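The block underneath contains the structure these notes are about, expressed in structure tokens.
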There are 2 protein chains.
Amino acid sequence: MTSIKDLAQHLGVSIGTVSRALNDKFDVKPATRERVLKAAAELGYVPNQAGRSLRQGNTGLVGFVLETSSEGMMQGDLFFIRVFDGMQSVLSEYGLHLMVMMSPSSEKSDEYLQKIVGRRLADALVLSSTRRIDPRVDLLADQNIPFVMLGRSQTDRGQPWLDLDFEGMVTDAIERLHARGHRRIVLAVPRQELNLRYVMLDTYRTQLARHGLAFDEDLVIETAPGDNGGVALAHHIMEMEDRPSAVIFSDPIHPFGLYRGLTEMGLVPGKDLAILGIATRLATVLSPNLTHYRVRLFDLGRRVAQALIHRLPHLNTENPPPVIRERVPFTLVEGESDLPLE
Amino acid sequence: MTSIKDLAQHLGVSIGTVSRALNDKFDVKPATRERVLKAAAELGYVPNQAGRSLRQGNTGLVGFVLETSSEGMMQGDLFFIRVFDGMQSVLSEYGLHLMVMMSPSSEKSDEYLQKIVGRRLADALVLSSTRRIDPRVDLLADQNIPFVMLGRSQTDRGQPWLDLDFEGMVTDAIERLHARGHRRIVLAVPRQELNLRYVMLDTYRTQLARHGLAFDEDLVIETAPGDNGGVALAHHIMEMEDRPSAVIFSDPIHPFGLYRGLTEMGLVPGKDLAILGIATRLATVLSPNLTHYRVRLFDLGRRVAQALIHRLPHLNTENPPPVIRERVPFTLVEGESDLPLE
DNA sequence: GGCCTTCCCGTAAACGTTTACGAAAATATG
DNA sequence: CATATTTTCGTAAACGTTTACGGGAAGGCC
């Protein structure tokens, strides 16, 4: 592998000159710059990242911390690749690379994160599966590591975040369902720690109140991620005493499980139970058509990357850069899974 | 951020001693090792990766080269996260990190890869979306970069690979369909460059011949990845003159599109067209149940990582390490989408 | 030609590690 | 106790960059 030293020797100039030529500094004659660039291309020289990192203190990598069997704001596998793709499309413009890191979940995640930042593996991080109280926020804030959350947390250190507009989703869903005569509406929420649970729950309560509906805690059902969770949820709901007529969920895999569960019981989705929540285009295969909320994941990824770029001191022109805190809205795709109650 | 120098100063010993103590070398008194470890834990010292990389020439990162809208051996988003998860579970044992890199597709991918290896961003790579003639293989082999392919290629430089057993899948599928009376069987293949296309095609031809069926090139249909591809495929098939009665596919998203396309046309999947191919557990939502082939993606990821570990000189004991070249078998999940022809 | 600018370029330090080498300290051997 | 051996540690070089600094070359001006 050719180093800058080889290149310098080959050209008969000093490594300093080579470096300046390649990095577009002043202090180098146009003619020699040409020579250097040409030789670099010929010898296939690419600067070693370790050397560069050591010297200038940044790695050119952006880490996305993905928790094993991640189930935060966007459960299931379906999502992330699109988001990554969007992120990389922005990062490339800045010569940065996305580095997806599989973090162990919850208990071990702080320790893991500490190692990552200690090793200085990445210049900046994206956190997903954000928890209501998230020690990772303090950990990163304390050490001045630039980061952006994909999701929100009550642990607020002024960090930027991007999140989907779950408030808007739940508000609209309840509105729709109420207008169609539904009165007992189940809210499927993820596990305890995740902040998403509280976002959904709070909105749910206030919106119920707004429509004059009573809050019944039995209608808030913690649901495991994935299709299995959906199946269990279907059974749970249909076996309840005062049977609910509708369900709202946030995991895009849930509808698959819900449909399956209902079918197993000989029931018809959309007829015996109104189903409404977040999904992807894959849901279009469901029959009857699923009424659902969608988001452009590629764009979300781009936005996340942009927010992150703002946090990187070494390529920041604006000062101070804006702290992005945004809820990305869903768009509704109408189907027949939330028909009026007969 | 505390460096090894800080730690040494704090302890009143030299940095050499600290380094040896942390890296479990000889030449250090048990008592001082204890002191060093204790102080390191207290000060939260973690060695800087750039420094370490520069010195010992390896980064501790394993790169997974994922092509944008990847459509190689396993199309769709559904898969990779599980595979990554499996990989990381092995890599962690060796202190390695997985780094997923979003590569531009095909035309630009060589250039991209060259930059990656030149920068020395990763110690080893995994290539996906393997093409029949894959210049990336030569590029990496020439520079002695350890790598493993997730998929196969005709470009053979003795590199290890892991692939799914598409031969077995197609063989079994034709066997099943033939036994059920199907004679005109469509093979949905991915685009030209991908090696998978030829693997499927070759097996298809030989198996047709084995069952005394004629090969008809109209029955080999290039299909775009994703559900859209599936929809188009359904229409294409149903509008053919001598209408086929079955289809075999390799993209796990295709069945969703196929079902949707057929339904749009007022046809019944499994009845008007037998559908058989690779899918994931998500397919269990389809009705009638999809007969499909599955694979344990987590285990596949583990296997890939193991194959990669064998290629890393600095943590290899066996010599010479085995070159893993394996086809991972599918398991069949029976449904009702490939019923006997009436 | 002498002097001052301007323009280029080489030198060397620094980033944080690991490790070969040799020196010093501790222990064993006579 | 002197010497030989072993154990432990400090020193310094090296990995590949970037960049502050100073100096030489070239050119302009009087």
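Note on naming: letters A, B, ... go to the chains in the order of the sequence lines (proteins, then strands), and numbering restarts at 1 for each one. Since this is a predicted model, take the numbers as computed values, not measurements.
Here the CG-CE distance, from B:L61 to A:M99, works out to 4.5 Å after rounding to the nearest 0.5 Å.
Atom CG of A:D6 and atom P of D:dG16 are 8 Å apart (whole Å). Rounded to an integer number of Å, the gap from B:N58 CG to D:dG16 C1' is 15 Å. Between the CZ atom of A:R35 and the C1' atom of C:dC8 there is a distance of 13 Å, given to the nearest Å. Between the CG atom of A:L11 and the C1' atom of C:dG10 there is a distance of 15 Å, rounded to whole Å.
Other residues, nucleotides and ligands contribute over 12 non-hydrogen atoms within 6.0 Å of the CZ atom of B:R33. Within 6.0 Å of CZ on A:R325 lie more than 12 heavy atoms contributed by other residues, nucleotides or ligands.
Using a 4.0 Å heavy-atom distance criterion, A:S53 is classed as making no nucleic acid contact.
The nearest heavy atom of DNA chain D to B:S14 and to B:L54 marks one nucleotide each, and the one closer to the 5' end goes with B:S14. Comparing B:V18 and A:A50 against DNA chain D, the residue whose closest nucleotide sits nearer the 5' end is B:V18.
For residues 40-57 of chain A, the set of pairs meeting the salt bridge (Lys or Arg N to Asp or Glu O under 4.0 Å) definition, not counting sequence neighbours, comprises A:K38-A:E42.
Using a 4.0 Å cut-off between charged side-chain N and carboxylate O, A:D27 and A:R20 make no salt bridge.
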- line: With sugar-phosphate taken as primed atoms, P, OP1 and OP2 and all else as base, the protein-contact string of nucleotides 17-27 of chain C at under 4.0 Å (heavy atoms; B, S, -) is BBBB-------

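Note that the two end axes of the helix from C:dG1-D:dC30 to C:dG30-D:dC1 enclose an angle of 60°, each drawn from 5 base pairs, rounded to 10 degrees.
The side chain to side chain contact (heavy atoms under 4.5 Å, CB included) with B:V328 is formed by just one residue from the set B:L164, B:L297, B:V304; it is B:L164.
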